[in-house]
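Remarks on the structure that follows.
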Amino acid sequence: MLATEVEKREEVEVKTAVKITGSEVLLRCLVEEKVQHIFGYPGGAIMPVYDALYHYADKLTHLLVRHEQGAIHAAQGYARVSGKTGVVFATSGPGATNLVTGLSDALIDSTPIVCITGQVFAHLLGTDAFQETDVVNTTIPVTKWNVQVTEAKDIAPAIAKAFYIAASGRPGPVLVDITKNAQNELIEEFEYQPCQTVRTYKPKPVLQPAQIEAAAALINQAKRPYILAGQGILLSRASEELMAFSEKTGIPVASTLLGLGGFPTNHPNYVGYLGMHGNYGPNVNTNQCDVLIAIGMRFDDRVTGNVSKYAKQARVIHIDIDKAEINKIIKAEVSVHADAKEALAELIRQCKSNRYPEWIDSFKALNQEEFEKVVEKEIKNTNSLKMAEVVHMLSELTNGEAVVVTDVGQHQMVTSRYYKYKNPRTNITSGGAGTMGFALPAAMGAKVASPAQQVIAIIGDGGYQMTMQELGTIMQYNIPVKILVLNNNFLGMVRQWQQLFHGKRYSFTEMDNPDFVKIAEAYRIKACKVTEQKDLERELKKMLASPTAYFLEVVVEKEDNVFPMVPAGAGVAEVILEIPKK
C-alpha cells in the first residue's frame with residue numbers, strides 16, 4: 001500500500017473517531033469504579049447527566065429521593081453497611097446546598113461519599129445566574145476534598161481522584177461540581193485510569209516498629225489495661241484482630257458510639273458502651289485504669305466529659321490513622337500513627353498472653369449496680385411503655401444481628417445501650433454531627449446496600465418528621481425497610497436537659513404530632529400503633545416478619561429519661577444513675 005493511501009486512511013479514522021459527551025464520560029467513570037447505586041434528584045444544571053443516565057439503566061441503578069438531604073443520608077447508610085463509597089447526584093444552587101448537612105455528617109463520621117453536583121455554564125460563573133451558588137467554597141469546610149470541573153476533558157481525572165480520596169486513609173466525603181457546558185461538551189472516547197496516588201497525600205501511614213515496641217512494652221507491664229474501641233476498628237476491618245488481641249492479652253474492651261458492633265457485646269471481655277449515656281463501669285473505670293489503649297477513636301467530648309478530669313492516672317496509647325487526632329484532645333505517652341488492623345496484628349505478635357480477672361470483675365460489679373438501679377427498672381417496667389423495654393425486646397427478637405439505624409436523641413442513646421450488637425457494620429447512626437432526620441433515609445440506603453439483612457430504623461417522633469418525605473422513595477422502589485418510631489410527643493433529649501438543668505421549663509419541646517399510621521398508609525406502607533405493653537411483642541414480631549416495608553409506632557412514656565448520664569462539666573467518673581436528690 002502506498003504511503004499516501006495509509007495517510008488518507010489514518011485521516012479518515014481520525015475524522016470518524018467516536019465522540020461522547022462529558023455526561024457520558026462521567027457515567028462511564030462510575031461504571032469503571034463499580035458503582036451500582038446512585039441516590040439523586042435532577043434539576044436544570046445536571047439535566048445532561050440525567051439525559052445520559054437514561055441509557056445506562058442496565059449498568060447503574062438510580063433512586064429518585066424526595067430531598068437532596070435524603071439522598072446523601074441514604075448514601076451514608078449505603079456506605080456504612082457495605083464499606084463501599086456512596087454516590088449522590090444533585091443539581092446546582094439549592095440542590096447542592098441541601099447536601100451540606102449530610103457532607104458535614106459524613107466528614108465527622110468518616111463516611112466515604114462522592115457527590116456530583118451540576119453547575120451553571122462556565123461563562124456564567126460569578127454572574128449570579130439562576131440557581132448559581134459557589135458550591136466549592138461553600139463545601140470546603142465539610143468535605144475531605146472538592147473540585148469544580150469546567151471542561152469535559154477534566155471529568156475523568158476528577159472522578160478518579162474523588163473516589164481515591166473518599167475511600168482511602170480516613171474516609172470522608174468528596175464533591176465534584178461540573179458545569180453544564182462540560183457535561184454537554186463532546187470529547188473523544190477514553191480509557192479510564194483509576195487514581196492510585198496523589199502527590200502530597202499519604203493516606204496510609206507506614207507502620208513504625210519503634211511505636212509498636214513502645215506500646216507493647218507499656219501493655220506488657222500494665223496492671224489494669226483498658227481498650228477503648230472506636231469506629232476505626234470497623235473502617236479498617238479490624239474486628240477479628242481486636243478480638244484476637246483482647247483474647248490473647250485478657251484486656252477488657254469498651255466501645256464508643258460509632259464503634260458499637262466492632263467487638264461482640266456477648267464476648268466475656270466486652271465491658272460496655274462509653275460516653276455521656278454509656279454504661280457505669282466503662283465510664284468509672286476510665287479513671288481507674290493504668291494503661292489506656294485508644295484504637296480508632298478521637299476522644300470526642302461525649303466520651304471524655306470534662307477533659308481536666310479525664311484519665312489523669314493513665315498512661316495513654318493512641319492508635320489512629322489520622323495523625324491530626326493524636327494529641328489533639330488527650331496527650332498520648334505512646335502514639336501509633338497507623339492503620340488499626342496493621343497495628344493490632346503487630347501488637348498481637350509482641351504482647352504477652354495475660355489475664356486480669358479482678359480488673360474485669362470490677363467492671364462487672366459496677367455494671368451490676370447499674371443493672372439494679374437503672375436497667376432492671378427499665379426493661380421490666382410494668383406501669384407504662386419505656387424506650388428501653390422496646391429496644392431490649394427488639395434486640396432479643398433479632399438476636400442482636402439486625403442492621404439498626406438510629407436517628408439522634410434519647411432513642412439513639414437507649415438503642416446504643418440496650419441493643420446488643422454482635423456483628424460489624426450493623427450499627428448505623430449519626431455520631432459527631434448529631435443530625436436529626438438521618439435515620440429514615442440512611443436505613444433506606446442500608447437496605448439497598450444489603451437487601452438480605454434485616455434493616456430497622458429506630459427514630460424519635462421529632463427526627464422522623466424532618467425527613468419523613470423519604471417514605472415516598474421507599475414506596476416507589478419497594479424498599480422493605482422496617483421503621484420503628486418511639487413517640488413520646490417531646491423532643492426528648494432536650495426535654496431531659498430542661499428537666500434536670502433548667503427547672504423543668506419545657507420551652508418549645510412538646511410536640512403535637514400527626515397520625516403517623518395514616519401517613520405511612522398513604523404511602524402504601526403497612527402500619528400499626530402500639531399503646532399498651534401487652535401488644536408490644538406481638539406487633540414487633542409482625543413488623544419483623546413483614547416481607548415489605550413496615551411502620552410501627554410505639555407510644556412511650558412522655559417524661560422517660562436516659563440514665564446513666566455524665567452531666568455537663570462533670571468528669572466521666574461523676575456519672576449519675578438517677579435524678580439527683582435535692
Side-chain angles (χ1 to χ4, degrees), residues 30-39 60-61 63 71-88 102-103 105-115 144 159-160 162-174 194-196 203-204 229-243 255-264 295-297 320-322 338-345 401-406 421-432 438 441-455 479 481:
L30 298 182
V31 171
E32 291 288 340
E33 288 287 351
K34 296 182 172 54
V35 171
Q36 294 175 294
H37 296 92
I38 301 162
F39 302 91
L60 296 166
T61 299
L63 290 90
I72 191 163
H73 290 331
Q76 287 177 270
Y78 185 95
R80 294 268 287 274
V81 167
S82 67
K84 300 175 183 176
T85 299
V87 179
V88 176
L103 288 169
D105 195 290
L107 183 68
I108 199 165
D109 283 355
S110 307
T111 306
I113 303 289
V114 170
C115 293
K144 189 176 175 184
I159 296 300
F163 274 88
Y164 174 67
I165 291 175
S168 58
R170 179 179 179 177
V174 167
C195 182
Q196 296 177 329
K204 192 171 183 181
Q231 191 189 196
I233 295 295
L234 297 161
L235 295 174
S236 64
R237 302 179 190 274
S239 294
E240 290 184 7
E241 285 78 6
L242 176 60
M243 195 184 306
S255 175
T256 66
L257 172 63
L258 290 178
L260 287 168
F263 194 86
I295 310 172
M297 56 87 73
D320 207 288
I321 199 167
D322 186 353
D339 174 82
K341 189 181 185 78
E342 291 183 358
L344 282 168
E401 294 178 342
V403 173
V404 176
V405 186
T406 51
Y421 298 93
K422 291 183 179 175
N423 301 312
R425 296 188 180 275
T426 55
N427 164 49
I428 314 299
T429 195
S430 172
F438 172 85
M444 181 175 77
K447 188 63 178 177
V448 170
S450 187
Q453 288 184 280
Q454 181 79 268
V455 178
I479 303 169
V481 66

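Excluded from the calculations below are hydrogen atoms, water molecules and symmetry mates; all remaining heavy atoms, backbone and side chain alike, are included. Along the sequence shown, the residues carry numbers beginning at 1.
Lys422 places no side-chain N or O within donor-acceptor distance of the main-chain N or O of Glu401, the cut-off being under 3.5 Å. Under the 3.5 Å distance criterion, the side-chain polar atoms of Lys447 are matched with a main-chain donor or acceptor of Gln453. In terms of modelled atom types and a separation under 3.5 Å, the side chain of Asp109 and the main chain of Thr111 share no donor-acceptor contact. Lys144 contributes a side-chain N or O that, together with a main-chain N or O of Ile165, makes up a donor-acceptor pair within less than 3.5 Å.
Nearest heavy-atom pair across Gly431 and Leu257 is CA-CD2, 4.1 Å. Shortest non-hydrogen contact noted between Val448 and Ile479 is CG2-CD1, 4.0 Å. Nearest heavy atoms, Ile113 versus Ala106: CG1-CB, 4.1 Å. Considering every non-hydrogen atom in both Pro171 and Leu235, the closest pair reads CD-CD1, 4.0 Å. Here the closest non-hydrogen pair linking Phe39 and Ala74 is CD2-CB, 3.7 Å. The two residues Gly262 and Ile233 have their closest heavy-atom pair at O-CG2, 4.0 Å.
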Problem set entry | Derivation of the side-chain contact (heavy atoms from CB on, under 4.5 Å) call for Leu258 and Arg80 | CA-CA 11 Å; Leu258 290 178; Arg80 294 268 287 274; 3.4 Å; yes
For this session: Show your reasoning for whether side-chain contact (heavy atoms from CB on, under 4.5 Å) applies to Ile72 and Cys115.
Result: CA-CA 8 Å; Ile72 191 163; Cys115 293; 3.7 Å; yes
For this session: Apply the test side-chain contact (heavy atoms from CB on, under 4.5 Å) to residues Phe163 and Val174: give CA-CA distance (whole Å), side-chain angles for both, the deciding distance (0.1 Å), then the verdict.
Result: CA-CA 8 Å; Phe163 274 88; Val174 167; over 6 Å; no
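Rounded to the nearest 0.5 Å, atoms CG (Asp105) and CD (Gln76) are 4.5 Å apart. Note that CG of Asn427 and CD of Gln231 are 9.0 Å apart. Values are rounded to the nearest 0.5 Å. Leu344 contributes atom CG, which lies 4.5 Å from atom CD1 of Ile295 (distance to the nearest 0.5 angstrom). Taken from CD in Gln36 to OH in Tyr78, the straight-line distance is 5.0 Å, to the nearest 0.5 Å.
The closest side-chain heavy-atom distance from Arg237 to Arg425 is below 4.5 Å.
Checking each of Val403, Leu234, Val81 against Thr426 for a side-chain contact (heavy atoms from CB on, under 4.5 Å) leaves exactly one that passes, namely Val403.
With sequence neighbours excluded, the residues that form a ring-ring contact (aromatic ring centres under 6.0 Å, His included) with Tyr421 are Tyr419. Every residue was checked against the side chain to side chain contact (heavy atoms under 4.5 Å, CB included) condition with Glu240, not counting sequence neighbours, and none meets it.
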